[in-house]
Amino acid sequence: MHIVVCIKQVPDSAQIRVHPVTNTIMRQGVPTIINPYDLFALEEALKVRDYHGGDVTVLTMGPPMAEDALRKALTYGADRAVLLTDRHFAGSDTLATSFALSQAIAQIGNSFGTPDIVFTGKQTIDGDTAQVGPGIAKRLNLVQLTYVAKIASIDLSARTITVERRSEGGTQVLKSELPCLITMLEGTAAIRRGSLEDALRAARSEIVKWNAAEAGIEDITKCGLRGSPTVVKRVFAPTPRAEKATQIDTAEKTVRDVADELVTSIFTHQPALEHELSSTGSA
Amino acid sequence: MGTQKSKASPPAGGRADTKKKLPERFRDYRHVWVFLELERGQVHPVSFELLGEGRRLADQLGVQLAGVILGPPGDSTQHAVSEAFAYDADLVYLVEKPLLTDYRNEPFTKALTDLVNKYKPEILLLGATTLGRDLAGSVATTLLTGLTADCTGLDVDADGSLAATRPTFGGSLLCTIYTLNCRPQMATVRPRVMRMPQRSNKPIGRVIRHDLRMLEDEIVTKVIDFLSDGQSENANLAYADVVVAGGLGLGALENLQLLKNLAQTIGGDYGCSRPLVQKGWLAADRQIGQTGKTIRPRLYIAAGISGAVQHRVGVEGADLIVAINTDPNAPIFDFANVGVVADAISFLPALTEVFIKRLAPRNPMRLVN
């Protein structure tokens with residue numbers, strides 16, 4: 001069994017600040033991490049491998065420094081890492097990204113064996129689009145199973161897979177076929193720490209580095225800015241609210257008095273709400 | 001995986017003015033389409049919010065607004081058709097097939113892609129739900145067109161191009177995105193980001209039926225079961241009128257009960273900020289904010305939430321935001337309407353008590369009758 005996991009190195013968005021004057025992102029000193037949702041995908045892939053055998057290849061597209069994310073993935077126990085890096089990829093939107101990654105996955109198939117499952121996280125924390133996974137699936141003509149909370153079973157001889165997938169108001173249980181692409185939801189499993197053996201191997205491992213041509217991409221116009229139908233025209237900061245909150249003074253008052261004042265203030269703003277809440281009898 | 005733009009700064013202006021260079025094959029793409037999400041018989045309310053938004057765009061462009069409905073033959077699909085007109089669609093494209101009963105990517109992608117290729121919309125909007133995001137990504141890739149996720153603002157610029165604005169970097173910045181040289185221009189919008197429009201009694205208008213040339217045998221994925229969340233645990237947070245949410249200021253897992261007590265007292269739902277989900281105190285579908293749910297209640301009470309930008313994005317549509325936090329400099333006070341500098345743990349029970357007293361029937365004698 002061969003599994004490919006697509007990961008992305010992202011800035012830790014919780015630590016990003018916007019420059020108050022220039023409204024630009026201040027990236028200096030912001031640590032990069034593996035997109036948290038991709039870690040759930042990696043963990044699931046490693047579990048499937050541990051149970052069914054085979055190997056796990058992690059793939060990322062990004063600048064040369066994205067090698068750090070791959071090495072980290074190797075310490076968790078991935079068997080092989082591929083870095084897709086080329087200046088031609090700069091400015092790729094989700095359509096161009098899914099093209100480049102799908103070509104690289106095809107090349108991984110040629111070099112290391114056709115993948116049975118391709119995993120991604122449900123979305124990244126910097127782009128939040130959830131579009132690249134479905135894009136890769138479509139390009140590679142793979143069945144796509146998104147927002148998967150759990151892999152219920154895999155039957156390797158019958159080439160079938162059963163998953164639980166979150167949807168609005170419930171969970172769909174789907175039975176499908178291999179090969180497929182799965183995007184993993186958060187919180188399905190604790191992420192393993194990785195063994196000392198894995199850490200040593202990760203440090204020694206050679207990371208496969210491909211540029212566009214090495215990944216088998218012939219038509220470079222499908223990559224980067226040229227291959228991206230969407231273009232960012234303007235970046236700006238959200239408009240700050242004009243007035244600050246009306247502060248309820250708490251000095252020398254009991255908690256009960258402050259609460260009283262707050263409720264009065266709420267119903268002054270929302271008189272209709274008071275009437276409705278009283279008449280529904282929810283209190 | 002999946003950033004809209006991986007580069008630090010946008011390209012210099014000018015590229016967005018290339019509508020005149022639109023390839024010949026896209027020049028007859030017209031009209032605004034809204035995909036009406038029908039899952040398990042119910043139209044998702046986000047579809048109506050999008051019809052309201054689509055109406056505005058169509059009027060600006062001087063074109064028609066169409067609803068797209070894919071579903072099984074039967075009452076639920078017919079109901080969706082009448083609802084599309086009630087929310088002011090000019091026409092409806094309808095594909096009715098038994099194999100569209102449950103959502104599956106393959107038949108839905110084919111149906112929507114075929115409709116686009118045949119009837120050529122200029123703008124196609126979908127809800128950013130699990131269904132909408134699953135479908136939109138496949139359709140946009142099949143059509144090789146642009147797709148902008150989770151938009152918070154949609155507009156038509158001077159030359160008629162769709163300007164789609166969305167949060168980026170966790171909501172700390174907004175960016176406006178154009179789709180150049182490809183049609184349709186596709187965008188998804190999360191539930192509750194746009195206002196719910198007025199419903200009218202408009203009768204059913206023109207319905208264009210389309211056949212889906214696909215057989216059940218051709219579809220690899222089968223739905224084995226559906227485990228409903230059930231009514232009691234159905235966290236319909238996004239559509240609650242009153243929401244109470246807690247953050248790290250709650251201090252300990254058992255203090256969640258204070259939050260639930262208040263929510264129950266005022267007939268509201270409860271949620272939390274991201275750290276509480278990361279601690280495992282509440283499920284991810286209770287999370288409010290950029291990576292959680294967008295809410296639009298009439299009253300929102302944030303207890304012990306500092307109000308990082310990621311949280312702000314999810315709540316700023318609320319009519320009244322009340323913040324309770326011990327730190328007077330917490331960012332939540334920058335976007336709340338009413339603030340109390342207090343410890344949520346001691347303040348929540350007092351607040352609950354006051355609400356109980358205030359909301360009790362005015363004349364207790366009435367209860368006897």
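Throughout, protein chains are lettered first and strands after them, A, B, ... in sequence-line order, and every chain is numbered starting at 1. Just so we're clear, the structure is a prediction, and the values are computed from it rather than from any experiment.
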### Summary
Of B/N105, B/V341, B/D134, the largest count of non-hydrogen pairs under 4.5 angstrom with chain A goes to B/D134
### Query
Side chains of B/Y300 and B/D319: do they bring a donor and an acceptor to under 3.5 Å?
no
### Message
Out of B/T221, B/L174, B/T152, return the one with the most heavy atom pairs under 4.5 angstrom to chain A.
### Response
B/L174
### Query
For A/T250, is it the side chain, the backbone, both or neither that has a heavy atom under 4.5 Å from a heavy atom of chain B?
side chain
### Query
Where on B/D150 is there a heavy atom nearer than 4.5 Å to chain A: the side chain, the backbone, both, or neither?
side chain
### Query
So which part of A/L262 gets closer than 4.5 Å to some heavy atom of chain B, the side chain, the backbone, both or neither?
side chain
### Query
Checking heavy atoms, do the side chain of A/L95, its backbone, both or neither come under 4.5 Å from chain B?
side chain
### Query
Where does A/A96 contact chain B at under 4.5 Å (heavy atoms): side chain, backbone, both or neither?
neither
### Task
Check each atom of B/A342 against the heavy atoms of chain A and say whether the ones under 4.5 Å are side chain, backbone, both or neither.
neither
### Task
Check each atom of B/T165 against the heavy atoms of chain A and say whether the ones under 4.5 Å are side chain, backbone, both or neither.
side chain
### Task
Indicate whether any N or O donor in one side chain lies under 3.5 Å from an N or O acceptor in the other, for A/Q172 and B/D102.
no
### Residue, of A/A245, A/S265, A/S176, that accumulates the most heavy atom pairs under 4.5 Å with chain B
A/A245
### Summary
Given A/T162, A/T171, A/D249, the one with more heavy-atom pairs under 4.5 angstrom with chain B than any other is A/T171
#### Entry: Any donor-acceptor pair under 3.5 Å from B/Q310 side chain to B/G289 backbone
no
### Task
Count the heavy-atom pairs under 4.5 Å between each of A/K138, A/H269, A/K122 and chain B, then report the option with the highest count.
A/K138
#### Entry: For chain A, the option from B/V313, B/T109, B/L144 that forms the most heavy-atom pairs under 4.5 Å
B/L144
### Query
Is there side-chain contact between A/K8 and A/I34, with at least one heavy-atom pair below 4.5 Å?
no
### Summary
Bottom line for A/E177: the part with an atom under 4.5 Å from chain B's heavy atoms is both
### Message
Between B/E37 and B/T129, do the side chains contain a donor N or O and an acceptor N or O under 3.5 Å apart?
### Response
yes
### Query
Among all residues two or more places apart in sequence or in another chain, which pass the ring-ring contact (aromatic ring centres under 6.0 Å, His included) test with B/F26?
B/Y29
### Message
Any carboxylate oxygen within less than 4.0 angstrom of a Lys/Arg side-chain nitrogen, looking at B/R298 and B/D241?
### Response
yes
### Task
Using a strict 4.0 Å threshold on nitrogen-to-oxygen distance, state whether A/D219 and A/R226 make a salt bridge.
no
### Min side-chain heavy-atom separation A/I248-A/V258 under 4.5 Å
yes
### Summary
Interface check, chain B: of A/P238, A/C180, A/S98, A/G227, most non-hydrogen pairs under 4.5 Å belong to A/P238
### Summary
Counting heavy-atom pairs under 4.5 angstrom with chain B, the leader among A/T160, A/T264, A/I161 is A/T264
### Query
Which bit of B/V242 comes within less than 4.5 Å of chain A, counting heavy atoms only: side chain, backbone, both or neither?
side chain
### Message
Any non-hydrogen side-chain atom of B/V139 less than 4.5 Å from a side-chain atom of B/M186?
### Response
yes
### Task
Select, from B/A128, B/A350, B/P349, B/G137, the one with the greatest count of heavy-atom pairs under 4.5 Å involving chain A.
B/A350
### Query
Looking at the rings of B/F355 and A/F267, which for Trp means the six-membered one, are their centres under 6.0 Å apart?
yes
### Query
Of all of B/T179, B/V220, B/L351, B/V223, which one pairs up most often with chain A through heavy atoms under 4.5 Å apart?
B/V220
### Task
Decide, yes or no, whether a salt bridge links B/R40 with A/E168 under the criterion of side-chain N to carboxylate O below 4.0 Å.
no
#### Entry: Heavy-atom contact with chain A under 4.5 Å, split by part of B/T145
backbone
